[in-house]
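Residue numbers count from 1 along this sequence. Order of appearance sets the numbers: ligands from 1, and atoms from 1 within every ligand. Bear in mind that the values here come from a model prediction, so they are computed numbers and not experimental data.
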Amino acid sequence: MARIVIIGPPGAGKGTQAKLLAKLHGVPHVSTGDMLREAIAAGTPLGEEARQYMDAGQLLPDDVMIGIVDARLQAPDAARGFILDGFPRTVAQAEALDALLARRGLPLTAVLRFVVPQDDLVRRLAGRRVCKDCGTMFHVDDGGPAAKGRCDRCDGLLYQRADDEEATVRRRMEVFETQTAPLGRYYAGTGILRDVDGSGTRDGVFARVKAALA
Ligand code: AMP
């Protein structure tokens, strides 16, 4: 049973690796960032609230995020497991997650912490393009679909996330250092924390992810 959390700074490749892992294990990829972007696209009240925080590179309030994740993990497809990407991002969220999983007798099986040099993170985020329709991510340096502006899977338009612009990226890095990095200490005593070198290619990182979980 895979009940896995992925933590790491913006641009560490969490989303890309979470998608691969979800497919491998046949469990849902639960990305709180994707859920918020969907709420924004749908124009819901949550989306309205989320946009203000996200554009500023700030985190939404813990109680809002905990409520969203609690509801999502109760959906039938999550009974077989899940790959959580982007949650928890604070110690309070981690405590709430542990509590709600403990109530269901389904504790986390692993926490993967991605470690990537700062220069690589900035380069990855600045060149990142995302398909509006299917969410697939590309990088302008790959010379492929990103150069043409169209997704090679579904032909959707590629765009740059508003929060991938330079000033917001800097703020997100600071927020990561102050609010999310302390999660490493929180999980260090649990015996399920695994560090993964997140630099290099997608496939190279995925091989290390699988080795860390073996
Ligand atoms: P991500 O796609 O994971 O990089 O998330 C994009 C943005 O969504 C973050 O910068 C936050 O503004 C917001 N967000 C996503 N997940 C969380 C969370 N667990 N707690 C608070 N804010 C979040």
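By the 4.0 Å N-to-carboxylate-O rule, D70 lies close enough to R104 to be salt-bridged with it.
Panel note: side chain R150, backbone D155; a donor-acceptor pair is recorded below 3.5 Å. No donor-acceptor pair closer than 3.5 Å links the side chain of R153 to the backbone N or O of T136.
In the hydrophobic clustering of ILVMFWY residues, with side-chain heavy atoms under 4.5 Å counting as a link, V205 and V115 come out apart.
Using a 4.0 Å heavy-atom criterion, the residues that approach ligand 1 are T32, G33, L36, R37, M54, Q58, L59, L60, M65, G86, F87, R89, Q93, R161, D163, R172.
At a threshold of 4.5 Å between non-hydrogen side-chain atoms, the residues L183 and V91 count as touching.
Between the CG atom of D98 and the CZ atom of R103 there is a distance of 11.0 Å, given to the nearest 0.5 Å.
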